[in-house]
There are 2 protein chains.
Amino acid sequence: MKNTNKTKQLDPAYVCGHKDPAAVRELLTKIGDKWSIFLVLSLAKIHGNRARFSELERSVPAISQRMLTLTLRNLERDGLVTREVFPEVPPRVEYELTILGKSLLRPLDGLVEWVSANWEDVKKAQSDFDSK
Amino acid sequence: MKNTNKTKQLDPAYVCGHKDPAAVRELLTKIGDKWSIFLVLSLAKIHGNRARFSELERSVPAISQRMLTLTLRNLERDGLVTREVFPEVPPRVEYELTILGKSLLRPLDGLVEWVSANWEDVKKAQSDFDSK
DNA sequence: CGGCATCCGTTCCGATACTG
DNA sequence: CAGTATCGGAACGGATGCCG
């Protein structure tokens, strides 16, 4: 695949030396948004990895209804959670981690561990940097 | 620690069942931004984990000078990279992954692996979802 | 109960121009 | 070469109101 363009026009996926750093970024951009992590981790610790809308609203503090809906919809779109609507009054909707969603918990735990081990260092680096 | 407030007013760190999901989110928000991952992975694959500004600009396609500067500054602030200025003309500035920055590569590799193994599933879930 | 539609302030980020 | 300063559009996300 000859390329006579300037570097800035290359496809990021072919450049950074890993198979697909663009996909990694895309993933991190997704789960790095304001609420996804809280929802995934909340579902992870709930029995059956399943909860209804209002439960999630309560377990994720300060989330707005709007963002809860939007975030869950994105997670559903990515195949990380399922959404099941029960035709009752009042309506009941339950969300559950998929196999795919659960599989994400392992690499996620790696990050949780890293944060546990190194977060103080990060905070210290920040305050050192800021005091200059 | 008694708490008589409504759920929405709780500190997120105490609620989600992990030690500090807020810190995990904060990390993911950082490295989940548009360019950090590319820079960290670029430095990771370079000999000595060290490169100068213009090298990074070339290895991370389509990044603007402004965002390269800002992103590197943030990584430096978090203690993930160092910045060394050489008093020459023309000026030379080199960036290098710190120990802390390198330690992040391990959990990051977990994510890279997950993406390699599951990204097609995610894309398929997305197209399935979108076609409805 | 579990949404959706709208409004609106904030943040992000690319483009451009300028500098030691 | 490696920045900094400024501008403006786009995206994010909270608040509010309405609805089946």
Side-chain angles (χ1 to χ4, degrees), chain A residues 6-10 12 22 25-26 28-39 42-43 50-78 81-96 129 132, chain B residues 6-10 12 22 25-26 28-39 42-43 50-78 81-96 129 132:
Chain A
K6 288 160 44 182
T7 303
K8 293 213 167 190
Q9 296 169 338
L10 290 173
R25 175 177 76 178
E26 205 174 322
L28 288 175
T29 301
K30 287 176 174 306
I31 63 177
D33 69 2
K34 196 165 181 183
W35 300 111
S36 293
I37 275 294
F38 282 122
L39 286 176
S42 287
L43 282 169
R50 191 176 181 88
R52 56 190 295 182
F53 188 87
S54 52
E55 289 181 86
L56 292 172
E57 191 168 18
R58 263 175 279 114
S59 68
V60 179
I63 192 172
S64 66
Q65 207 175 34
R66 170 184 144 84
M67 289 316 296
L68 181 56
T69 301
L70 288 178
T71 306
L72 284 170
R73 210 69 85 217
N74 283 332
L75 293 175
E76 184 194 4
R77 187 175 106 94
D78 295 338
V81 306
T82 56
R83 176 176 182 269
E84 186 174 5
V85 183
F86 296 85
E88 310 168 357
V89 271
R92 176 165 56 107
V93 180
E94 291 188 359
Y95 294 88
E96 183 176 341
F129 184 93
K132 286 184 299 188
Chain B
K6 287 157 53 181
T7 302
K8 293 213 167 188
Q9 297 169 337
L10 289 172
R25 175 177 75 177
E26 206 174 321
L28 288 175
T29 301
K30 287 176 174 306
I31 62 176
D33 70 0
K34 196 165 182 184
W35 301 110
S36 293
I37 275 295
F38 282 121
L39 286 176
S42 288
L43 282 170
R50 190 175 183 88
R52 55 191 297 182
F53 189 86
S54 52
E55 289 182 85
L56 292 172
E57 191 169 17
R58 263 176 278 114
S59 69
V60 178
I63 193 172
S64 65
Q65 208 174 33
R66 169 184 144 83
M67 288 317 295
L68 181 56
T69 301
L70 288 178
T71 307
L72 284 170
R73 211 70 86 214
N74 283 332
L75 292 174
E76 184 194 6
R77 188 175 106 93
D78 295 339
V81 305
T82 56
R83 175 176 182 269
E84 187 174 3
V85 182
F86 296 85
E88 310 169 357
V89 273
R92 176 164 56 106
V93 179
E94 291 188 358
Y95 295 88
E96 182 176 343
F129 184 93
K132 285 185 300 189

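Note on naming: letters A, B, ... go to the chains in the order of the sequence lines (proteins, then strands), and numbering restarts at 1 for each one.
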Please tell me if the side chains of Leu56(B) and Tyr95(B) come closer than 4.5 Å, counting only heavy atoms from C-beta onward.
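Yes, their side chains come closer than 4.5 Å.
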
How about Phe129(B) and Glu76(A): do any of their side-chain heavy atoms sit closer than 4.5 Å?
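Yes. Closest side-chain heavy atoms under 4.5 Å.
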
Could you tell me how far apart [X] ([atom1]) and [N] ([atom2]) are, to the nearest whole angstrom?
{"X": "Leu68(A)", "N": "dG13(D)", "atom1": "CG", "atom2": "P", "answer": "13 Å"}
{"X": "Phe53(B)", "N": "dA2(D)", "atom1": "CZ", "atom2": "P", "answer": "7 Å"}
{"X": "Leu72(A)", "N": "dG3(C)", "atom1": "CG", "atom2": "P", "answer": "8 Å"}
{"X": "Glu84(A)", "N": "dG2(C)", "atom1": "CD", "atom2": "C1'", "answer": "15 Å"}
{"X": "Leu70(A)", "N": "dA5(C)", "atom1": "CG", "atom2": "C1'", "answer": "11 Å"}
{"X": "Asn74(A)", "N": "dC4(C)", "atom1": "CG", "atom2": "C1'", "answer": "15 Å"}
{"X": "Arg73(A)", "N": "dG13(D)", "atom1": "CZ", "atom2": "C1'", "answer": "17 Å"}
{"X": "Asp33(A)", "N": "dT11(C)", "atom1": "CG", "atom2": "P", "answer": "17 Å"}

Please determine if a side-chain N or O atom of Arg52(A) lies less than 4.0 Å away from the OP1 or OP2 oxygen of dG2(C).
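Looking at the OP1 and OP2 atoms of dG2(C), one of them is under 4.0 Å from a side-chain N or O of Arg52(A).
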
Taking 4.0 Å as the cut-off, does a side-chain nitrogen or oxygen of Ser54(A) come that near to OP1 or OP2 on dG2(C)?
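So the side-chain polar atoms of Ser54(A) do come within 4.0 Å of the phosphate oxygens OP1 or OP2 of dG2(C), strictly under.
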
Considering only NZ, NE, NH1 and NH2 on the basic side and carboxylate oxygens on the acidic side, decide whether Arg83(B) and Glu96(B) come within less than 4.0 Å.
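Judged by the 4.0 Å cut-off on N to carboxylate O distance, Arg83(B) and Glu96(B) do not form a salt bridge.
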
Flag the pair Glu94(A) and Arg52(A) as a salt bridge only when some basic side-chain nitrogen lies within less than 4.0 angstrom of an acidic carboxylate oxygen.
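Arg52(A) and Glu94(A): not salt-bridged.
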
So which nucleotide from dG2(C), dC1(C), dA2(D) ends up closest to the side chain of Pro90(A)?
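Among dG2(C), dC1(C), dA2(D), the one nearest the side chain of Pro90(A) is dC1(C).
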
From dT4(D), dG3(C), dA2(D), pick the nucleotide closest to the side chain of Arg83(A)?
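Of dT4(D), dG3(C), dA2(D), dG3(C) is nearest to the side chain of Arg83(A).
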
For Tyr95(B), which contact category applies under a 4.0 Å heavy-atom criterion: base, sugar-phosphate, or nothing?
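Sugar-phosphate only.
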
Closest approach of Val81(B) and Leu43(B), non-hydrogen atoms and distance?
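Nearest pair, atom of Val81(B) first, then Leu43(B): CG1-CD1, 3.9 Å.
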
Contact string for nucleotides 14-20 of chain C, one letter per nucleotide 5' to 3', B = base within protein heavy-atom range under 4.0 Å, S = sugar-phosphate only, - = neither, reads BB----B

Non-neighbouring partners of Ser36(B) that pass side-chain hydrogen bond (donor to acceptor under 3.5 Å, both in side chains), sequence neighbours left out
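Per chain and number, Ser36(B) pairs via side-chain hydrogen bond (donor to acceptor under 3.5 Å, both in side chains) with Asp33(B).
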
Evaluate side-chain contact (heavy atoms from CB on, under 4.5 Å) for Met67(A) paired with Lys34(A), printing each intermediate quantity in order.
CA-CA 9 Å; Met67(A) 289 316 296; Lys34(A) 196 165 181 183; 5.9 Å; no

